[in-house]
Amino acid sequence: MDPSSPPRRCSLLRRLLLLAVAALALRLLYGAFLAVSTGPAGWPLYRPAATTATTSTRTHVVQADVPSPEAWRTRRWRRAVEYHAALLAPHLAAAALSPASRAVCLGGAQEALAMRELGVAKAVAVARKRAPPLVVAGDDRRLPFDASSVDFVFAGRALDAAKRPADLAAEAARILKPEGHLVVLTSSAADAYSLRSIQALLPSLRLLRSREIDAQDVGSSTLRELVFQKNPPHPTGMGTGTSSVNNCSVGDHRLQLLAHAEPLIQEEPLKPWLTLKRNIKNIKYLPALADISFKRRYGSSIGSWFRKQYPKQNHTFQVFAIEADPAFHSEYAAKKGVTLLPYAAWVKNETLRFEINGDPGKEDEAKANGRGMGRIRPATGKKMSGEVRSVPAFDFAEWLKQTVTEQDYVVMKMDVEGTEFDLIPRLFDTGAICLVDELFLECHYNRWQKCCPGERSPKYENTYEECLDLFSSLRESGVLVHQWW
């Protein structure tokens, strides 16, 4: 045995160790150089992949020369990158995306890496924390890019995950150039109503096409891919303000919902107080028929019915209580998450004289059931037999138009003691009716009285047929309205 062999082996191992340390140092220095090689607008200056060839049957992806953490090279990461590359390749073929595009991914670094590997050198992702070389810092309310500076935005599942999808959608539209494209993947949009909800979040974009795709994980449900394009800016003087036309059209998204609504009760019930209890079982609530994920939510009822029974899809609603009866003001004002409007809903701003014609001895029962302590209605020339008060009233239709938009999901429970025959036509005339997604309406008429068999209520002059006409006109306009007593 040669006695000099062990020292030679040690010397060889020492040289190999030094070479490995040197290689690691060079890699770290190169990565640091790439991390700071960023233009003033935040677009990294990396070179694209060598080649990308797309055919009708297969997309060939060349791995980009992008330094990355080891986590980015795991099998799970590679599957995600390849999945998104396969999704994005058709957009390259359709010229919506090109190697020269400035592209932003809102879902994750895997998407940006997929674009880099397809040859889109200026693709970056956005996340809360900066992670060079693929990820820049930003949030849903403010993306770190100038207006009209991006050619292509890939939202992935970002809108599904966003706490404020309307804010993120507005930002995506803001940074897009005119004629630029936005691609959204969503588990929603399976029905016409939820699809229209997403479109309402992007008023400056038009939907070009939609297709069903497989989800990334095997066994998961399918997704829908929506492709939008930003419309060119309006010519000078042709702004995008609100149209002066108040009428609104009935969309397919509303008509499809109404096809599943419970039928209206055509025959006048002899015992309406019993009919209500039975009819509640038949009511098809809108959240049970469609996905409301992309809607901001407003409710107009603060009773136990809405809080406990309405299917809110685990969302929190902003609630307004419009109440003219002072007996309820202190109670409503103390409720958490409720905005009290201590006025009467009316067709214009004015002071009204109201007749409070209650049922003696039944004040506690009425209050427990969420009803006002008496019948409150405008006194228009008729002799008033009950207590009279002056109450401030406001233009409900105009308030609704100033408070909510088509992006909002509005549930309205209306019990206005007969003034619905004034308010509903006003909602039609102003177009505000199209902002109401679901309406629970108590229509007041000279119905049969529980106390006195064979006698009708003298409090209201309208007939059941007139109420039925009111309900029918609402449904014909696309409002999912339910009969309520």
Side-chain angles (χ1 to χ4, degrees), residues 41-44 84 87-88 90-92 94-98 100-116 118 120 122-130 134-189 194-211 213 223-234 240 291 293-296 405-408:
W43 298 102
H84 288 102
L87 286 179
L88 291 163
H91 300 293
L92 276 168
L97 179 65
S98 73
S101 294
R102 285 188 166 184
V104 171
C105 303
L106 304 181
Q110 300 102 321
E111 301 166 4
L113 185 57
M115 283 197 186
R116 296 285 185 90
L118 288 171
V120 184
K122 298 178 181 179
V124 294
V126 180
R128 288 188 175 277
K129 292 184 179 180
R130 179 173 175 267
L134 293 178
V135 181
V136 299
D139 57 48
D140 293 358
R141 295 189 175 185
R142 190 67 183 177
L143 296 176
F145 309 104
D146 294 335
S148 302
S149 64
V150 177
D151 300 291
F152 187 90
V153 175
F154 183 69
R157 300 288 302 280
L159 287 180
D160 284 2
K163 292 183 178 179
R164 298 173 177 270
D167 293 341
L168 183 58
E171 277 296 279
R174 179 186 68 83
I175 67 174
L176 265 183
K177 294 179 181 179
E179 309 286 345
H181 291 79
L182 166 66
V183 175
V184 175
L185 304 184
T186 177
S187 58
S188 185
S194 56
L195 175 59
R196 186 65 187 88
S197 299
I198 297 177
Q199 290 180 273
L201 297 180
L202 301 160
S204 63
L205 279 65
R206 60 190 177 96
L207 180 64
L208 295 182
R209 54 188 176 273
S210 169
R211 64 167 179 153
I213 62 173
L223 301 175
R224 185 155 292 277
E225 181 189 67
L226 307 174
V227 182
F228 295 89
Q229 185 176 33
K230 189 171 184 178
N231 294 327
H234 290 267
T240 58
D291 188 342
S293 299
F294 293 109
K295 289 274 196 176
R296 291 178 295 188
T405 69
E406 192 184 356
Q407 296 179 1
D408 301 316

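No hydrogens, no waters, no symmetry mates; every other heavy atom, side chains included, goes into these values.
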Going by side chain to side chain contact (heavy atoms under 4.5 Å, CB included), Leu182 matches just one of Leu205, Val227, Ile175. Which one?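 Going through the options one by one, the only one that passes is Leu205.
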
Result of checking Val150, Val153, Leu176 against Lys230 for side chain to side chain contact (heavy atoms under 4.5 Å, CB included):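 It is Leu176; the other options fail the test.
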
Separation of [Y] [atom2] from [X] [atom1] (nearest 0.5 Å):
{"X": "Glu406", "Y": "Gln199", "atom1": "CD", "atom2": "CD", "answer": "9.0 Å"}
{"X": "Leu208", "Y": "Gln229", "atom1": "CG", "atom2": "CD", "answer": "5.0 Å"}
{"X": "Leu88", "Y": "Leu118", "atom1": "CG", "atom2": "CG", "answer": "6.5 Å"}
{"X": "Arg174", "Y": "Arg142", "atom1": "CZ", "atom2": "CZ", "answer": "4.0 Å"}
{"X": "Asp160", "Y": "Leu185", "atom1": "CG", "atom2": "CG", "answer": "8.5 Å"}
{"X": "Ser101", "Y": "Lys177", "atom1": "OG", "atom2": "NZ", "answer": "8.0 Å"}

Taking C-beta and beyond as the side chain, do [X] and [Y] meet within less than 4.5 Å on heavy atoms?
{"X": "Leu207", "Y": "Leu226", "answer": "yes"}
{"X": "Arg157", "Y": "Ser187", "answer": "yes"}
{"X": "Glu225", "Y": "Val183", "answer": "yes"}
{"X": "Leu106", "Y": "Leu143", "answer": "yes"}
{"X": "Arg116", "Y": "Leu134", "answer": "yes"}

Do you know which two heavy atoms are closest between [X] and [Y], and how far apart they sit?
{"X": "Pro203", "Y": "Gln407", "result": "CD-NE2, 4.3 Å"}
{"X": "Leu202", "Y": "Ala173", "result": "CD2-CB, 4.4 Å"}
{"X": "Arg209", "Y": "Ala94", "result": "NH2-CB, 4.2 Å"}
{"X": "Gly107", "Y": "Glu111", "result": "N-OE1, 3.2 Å"}
{"X": "Met115", "Y": "Cys105", "result": "CE-SG, 3.7 Å"}
{"X": "Gly138", "Y": "Pro144", "result": "CA-CD, 4.0 Å"}

Judged by modelled atom types alone, do Ser194 and Ser197 share a side-chain donor-acceptor pair under 3.5 Å?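 Absent: no donor and acceptor within the cut-off.
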
What's the verdict on side-chain hydrogen bond (donor to acceptor under 3.5 Å, both in side chains) for Arg102 and Ser149, showing C-alpha distance, side-chain angles and the deciding distance? CA-CA 8 Å; Arg102 285 188 166 184; Ser149 64; 5.7 Å; no

Please determine whether the number of non-hydrogen atoms from other residues, nucleotides or ligands lying under 6.0 Å from atom CZ of Arg211 exceeds 12.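 Above 12, so yes.
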
For the pair Phe152 and His91, name the ring-plane relationship: parallel under 30°, tilted 30 to 60°, perpendicular over 60°.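 Geometry flag for His91 against Phe152: tilted rings.
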
